[in-house]
Amino acid sequence: MKRKVLSAVLCGAMVLGAASPAFAAAGDGQKIALVGKSAGNAFFEIAAASFTETVEAEGGEVTVAYPETATADAQIATLEGLIGQDFDAICVAANDVNALQAVLEDAMAKGIKVSSFDSAPNPDSRQVFVNQAGTKAVGQALIDACYDIAGGEGQFAILSATSQAANQNAWIDAMKSIMEADEKYSKLELVEVAYGDDEPQKSTDQTSALLEKYPDLKVICAPTTVGIAAAAKYLQDNESACKLTGLGLPSEMIEYTGEDKSCPYFYLWDMQGLGKLSAYATMALVTGDITGALDETFTAGDLGEYTITEADDAGTEIVLGLPLEFNSENIEEMAKLY
Ligand code: RAM
């Protein structure tokens, strides 16, 4: 008798299970647009490949779109073109903190879920931000690298992306606050923040201009993969005494990394993880598993469970992990990955 009841229950569960949406894949039938900062930047291509693979494995589809340049205007045009094409969600790396607000609010008003990754638009412009590594953690790693490579004192400069770049500006602000708050850094002098606009030639020209202007410059810190690769080549080709650190792709930095090269060591984060986590967060917004509110949790596939926390700008974010250091010991291995 007992056995009969049990098998009837199991049978019912199987029938229900077959029809239940709880058994559907996380991204079933979803249409998602992923918008990077600009075309031709390997950083976004790597993140997009992992994002797309993740969504497709869950039964959804991804359209990747890039503005021609890393400007707010070009990105607004790209976003305007996507709204009205029946997307369930847009995930964007913002070229400007505030300038995208109108277009992203328009998207949300039309029922499109808006997440961001890499570079956050302001809290009103997004539901949640996937932060590759805590903003303060990145700022701390970069200022400590400058301090260490400069030997604790002397001039250093920052070679950034565009002057509006939300993520670069947040990291630079974090570096400045850390410097101001701790006497340890008082002998380090930040002489200039230069902008290479995430364009290789402009970044090379800015590197050359910095060296000319500041002959005693000890370190350049480039918190951009495009900037650091251009500066690394310029410094090494010209046998400059000025050293380099920042955020880079191991595959683009392999020739320039090591104590006897232009860049002793630099940082980035798990690139495949960034694409994956951004994909799971975006799919979870579409299914309604999360809304982007503080303290919500969700499962990001084999990355495990994540909790939504408060970002420095008082919006919400999901932090992937810690910045990773790349040096002569691990660069070859890591360059195979990204
Ligand atoms: C460049 C972009 C990107 C940034 C990396 C470190 O590729 O500016 O937004 O996260 O560098």
Side-chain angles (χ1 to χ4, degrees), residues 34-51 64 66-72 74-75 78 91-97 100 115-121 126 129-135 137-139 141-142 145 158-175 193-204 206-207 220-232 244-253 257 263 265-275 277-278 311 317 319-326 334 338:
L34 183 71
V35 183
K37 276 181 168 181
S38 61
N41 181 345
F43 178 93
F44 291 105
E45 279 154 25
I46 294 166
S50 140
F51 187 104
V64 181
Y66 296 110
E68 267 186 35
T69 56
T71 61
Q75 199 165 39
T78 303
C91 180
V92 58
N95 278 333
D96 187 291
V97 182
L100 308 181
S115 58
S116 61
F117 79 113
D118 178 52
S119 183
R126 67 178 200 253
F129 169 50
V130 177
N131 199 348
Q132 45 264 60
T135 306
V138 173
L142 294 178
I158 293 175
L159 172 65
S160 188
T162 68
S163 62
Q164 299 305 311
N167 53 347
Q168 267 85 19
N169 286 344
W171 296 323
I172 295 167
D173 285 347
M175 289 173 77
V193 180
Y195 299 96
D197 291 349
D198 268 352
E199 288 172 20
Q201 189 54 53
K202 190 158 182 207
S203 304
T204 305
Q206 291 293 319
T207 305
I220 293 177
C221 176
T224 137
T225 58
V226 180
I228 199 173
L244 178 70
T245 190
L247 302 174
L249 288 166
S251 55
E252 294 183 339
M253 290 294 289
T257 304
C263 179
Y265 60 93
F266 63 97
Y267 292 87
L268 202 69
W269 36 78
D270 170 10
M271 284 300 295
Q272 273 84 23
L274 175 62
L277 183 58
S278 307
E317 70 180 9
V319 180
L320 173 67
L322 291 170
L324 306 176
E325 181 186 319
F326 302 107
M334 296 310 295
Y338 48 90

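The first residue in the sequence is number 1, and the count goes up from there. Note that ligands are numbered from 1 as they come in the structure, with each ligand's atoms numbered from 1 the same way. These figures come from a predicted structure and were not determined experimentally. These numbers come from the heavy atoms of this one structure, side chains and all, not from hydrogens, waters or symmetry mates.
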Only heavy atoms of [X], strictly under 4.0 Å: list the atoms of ligand 1 that pass.
| X | result |
| --- | --- |
| Asp198 | 1 (C), 2 (C), 8 (O) |
| Trp269 | 10 (O) |
| Asn41 | 1 (C), 2 (C), 7 (O) |
| Gln132 | 10 (O) |

Would you say Asn95 and Thr162 make side-chain contact, with heavy atoms under 4.5 Å? no
Kindly indicate whether the side chain of Met175, heavy atoms from C-beta on, has any atom under 4.5 Å from the side chain of Pro223. no
Relative to each other, are the rings of Phe266 and Phe326 parallel, tilted or perpendicular (30° and 60° limits)? tilted
Does the side chain to side chain contact (heavy atoms under 4.5 Å, CB included) test come out yes or no for Asp118 and Gln132, once each step is laid out? CA-CA 6 Å; Asp118 178 52; Gln132 45 264 60; 2.6 Å; yes
For ligand 1, which part of Phe266 has a heavy atom less than 4.0 Å away: the side chain, the backbone, both, or neither? neither
Heavy-atom pairs closer than 4.0 Å: do any link ligand 1 to the side chain of Thr225, the backbone, both, or neither?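 Near ligand 1, Thr225 shows its backbone as well as its side chain.
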Tell me, please: is Trp171 in heavy-atom contact with ligand 1, that is, under 4.0 Å? yes
Below 4.0 Å from any atom of ligand 1, is there a heavy atom belonging to Phe117?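 It does not, in that no heavy atom of Phe117 comes within the 4.0 Å cut-off of ligand 1.
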Taking distance alone, no hydrogens or angles, what donor-acceptor pairs closer than 3.5 Å link side-chain atoms of residues 37-47 to residues at least two apart or in another chain?
from  : atom 1 : to     : atom 2 : distance (Å)
Lys37 : NZ     : Asn167 : OD1    : 2.8
Lys37 : NZ     : Gln168 : OE1    : 2.9
Asn41 : OD1    : Phe43  : N      : 2.9

Which residue, Val138, Thr224, Ile228, forms the side chain to side chain contact (heavy atoms under 4.5 Å, CB included) with Leu247? Val138
What protein heavy atom sits nearest atom 9 (O) of ligand 1, and how far off is it? Asp118 OD2, 2.5 Å
Please walk me through it: do Met334 and Leu268 pass side chain to side chain contact (heavy atoms under 4.5 Å, CB included)? CA-CA 11 Å; Met334 296 310 295; Leu268 202 69; over 6 Å; no
